[in-house]
Amino acid sequence: MDGTGDYELDHIILTRDAINKRVSEIAASISEEYRGEELIFTGVLKGAVIFMSDLVRSLDRSVDAKMDFIAVSSYGNASTSSGAVKMIKDMDTYIEGKNVILVEDIMDTGLTLSYLREMLMARGPSAFRTCVLLEKPDRKKVDSIMDYRGFTMPDEFVVGYGLDYAGKWRNLPDIWCVTKR
Ligand code: 5GP
């Protein structure tokens, strides 16, 4: 994909209603596990921003939710993830002895998630969970433990609800498949 506008929206794969319902269910499970406790939601920029914003607002109010962000980029081109991940922005919170939940938009090969997991686990959180909106099981290369999952989906490129193609379409409330013009 070259980002020259050669892709267009094809069809909706997940509606806003289906997403909202699933986000509420995940929030209920997290609330049950962390009722009355502090939990540091760490979103992977930029794709997880909208998912995480909805997720934290659906939590039980007894959860002491904090928000932080991390940004990474993978070396090589976007469609063939090499596994080498470069840190662009670290989180600000000191997480030793704290409960952390890493919030990611998509698990494709799983390489990003396993890199971040290893890096954050080395900081000694008392609990570490991962929460991913979409999983593409067909593309999976590494066994990356996922504690909370929104949906599994086929190996298609999707945009909307925070996900972009060349910076575009993050604002769409539904999740769409794109197609070549
Ligand atoms: P992984 O390291 O699991 O292979 O890559 C995960 C990252 O690739 C996601 O966080 C996301 O940025 C990107 N990605 C993978 N599949 C898609 C997709 O269908 N749409 C978009 N917009 N990004 C994707």
Side-chain angles (χ1 to χ4, degrees), residues 1-16 18-19 22-23 26 40-56 67-91 100-122 128-181:
M1 295 190 181
D2 60 14
T4 53
D6 52 345
Y7 279 78
E8 62 188 5
L9 298 175
D10 191 67
H11 62 277
I12 292 177
I13 186 168
L14 286 166
T15 64
R16 63 195 80 184
I19 298 166
R22 190 71 192 114
V23 169
I26 298 169
I40 300 162
F41 286 81
T42 307
V44 184
L45 293 172
K46 297 171 186 164
V49 165
I50 291 179
F51 172 40
M52 190 161 105
S53 311
D54 282 348
L55 188 65
V56 294
M67 291 168 80
D68 204 335
F69 295 94
I70 208 161
V72 290
S73 77
S74 50
Y75 290 102
N77 68 53
S79 53
T80 54
S81 193
S82 62
V85 177
K86 184 169 122 192
M87 170 78 73
I88 307 284
K89 182 218 171 292
D90 203 341
M91 59 192 299
V100 175
I101 184 158
L102 184 68
V103 183
E104 170 70 305
D105 53 2
I106 300 193
M107 186 174 122
D108 187 21
T109 60
L111 293 166
T112 306
L113 200 65
S114 70
Y115 166 85
L116 288 174
R117 180 171 215 283
E118 203 170 305
M119 190 193 71
L120 296 176
M121 283 298 282
F128 183 84
R129 301 279 183 270
T130 52
C131 176
V132 178
L133 180 64
L134 302 171
E135 182 190 8
K136 295 182 181 172
D138 299 346
R139 300 257 308 160
K140 197 155 147 183
K141 280 196 191 145
V142 289
D143 263 333
S144 184
I145 300 159
M146 202 189 307
D147 300 293
Y148 301 101
R149 177 201 297 108
F151 302 92
T152 54
M153 58 165 286
D155 181 16
E156 304 224 41
F157 195 83
V158 290
V159 298
Y161 198 67
L163 295 156
D164 73 313
Y165 169 62
K168 218 173 144 178
W169 293 318
R170 291 193 199 276
N171 55 310
L172 302 176
D174 307 289
I175 296 180
W176 292 71
C177 288
V178 294
T179 187
K180 229 173 163 50
R181 246 184 239 278

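Only heavy atoms go into these numbers, but all of them, side chains included; no hydrogens, no water, no symmetry mates. This chain uses plain numbering: 1 for the first residue, then up along the sequence. Numbering of ligands and ligand atoms starts at 1, following listing order.
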Checklist entry - Can you check whether Gly110 has an N/O within less than 3.5 Å of an N/O in ligand 1? => result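 In this structure, Gly110 places an N or O atom under 3.5 Å from an N or O of ligand 1.
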
Item to check | Contact with ligand 1 for Tyr165, non-hydrogen, under 4.0 angstrom | outcome: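 Outside the 4.0 Å threshold, so no.
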
Next on the checklist: I'd like to know whether Leu120 forms a side chain to side chain contact (heavy atoms under 4.5 Å, CB included) with Met91, so could you lay out the CA-CA distance, the side-chain angles of the two residues, the decisive distance to 0.1 Å, and finally the verdict.
Outcome noted: CA-CA 10 Å; Leu120 296 176; Met91 59 192 299; 3.9 Å; yes

With a cut-off of 4.0 Å, which atoms of ligand 1 are near a heavy atom of [X]?
| X | answer |
| --- | --- |
| Leu111 | 2 (O), 3 (O) |
| Asp105 | 9 (C), 10 (O), 11 (C), 12 (O) |
| Asp164 | 21 (C), 22 (N) |
| Glu104 | 10 (O) |
| Glu156 | 19 (O) |

Item to check | Pair listing, side chain to side chain donor-acceptor pair (under 3.5 Å) test, anchored in residues 149-160, at least two apart | outcome: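 Qualifying pairs: Glu135-Arg149.
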
Checklist entry - How does Asp108 reach ligand 1, by side chain, by backbone, by both or by neither, if only non-hydrogen atoms under 4.0 Å count? => result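 Looking at Asp108 and ligand 1, atoms from backbone and side chain both fall under 4.0 Å.
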
Item to check | Proximity of Lys136 to ligand 1 by residue part, where a heavy atom lies under 4.0 Å | outcome: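 Answer for Lys136: side chain.
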
Next on the checklist: Does this structure show an ion pair linking Asp6 with Arg181, if we count only N-O contacts that are shorter than 4.0 Å?
Outcome noted: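 No, no charged N to carboxylate O under 4.0 Å.
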
Checklist entry - Who gets closest to atom 7 (C) of ligand 1 by heavy atom: Ile106, Val158, Val72, Leu134? => result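 Checking each option, the heavy atom nearest atom 7 (C) of ligand 1 is found in Ile106.
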
Item to check | Side-chain heavy atoms of Tyr7 within contact of Lys168, under 4.5 Å | outcome: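 Counting from C-beta outward, Tyr7 and Lys168 never come under 4.5 Å.
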
Next on the checklist: Just so I know, are the side chains of Tyr148 and Ile101 near enough to count as touching, which here means a heavy-atom distance under 4.5 Å?
Outcome noted: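 In contact.
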
Next on the checklist: Using 30° and 60° as the class boundaries, would you call the ring planes of Phe51 and Tyr161 parallel, tilted or perpendicular?
Outcome noted: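 Phe51 and Tyr161: tilted rings.
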
Next on the checklist: Evaluate Asp164 against Trp169 for side chain to side chain contact (heavy atoms under 4.5 Å, CB included), listing each step before the verdict.
Outcome noted: CA-CA 5 Å; Asp164 73 313; Trp169 293 318; 6.0 Å; no

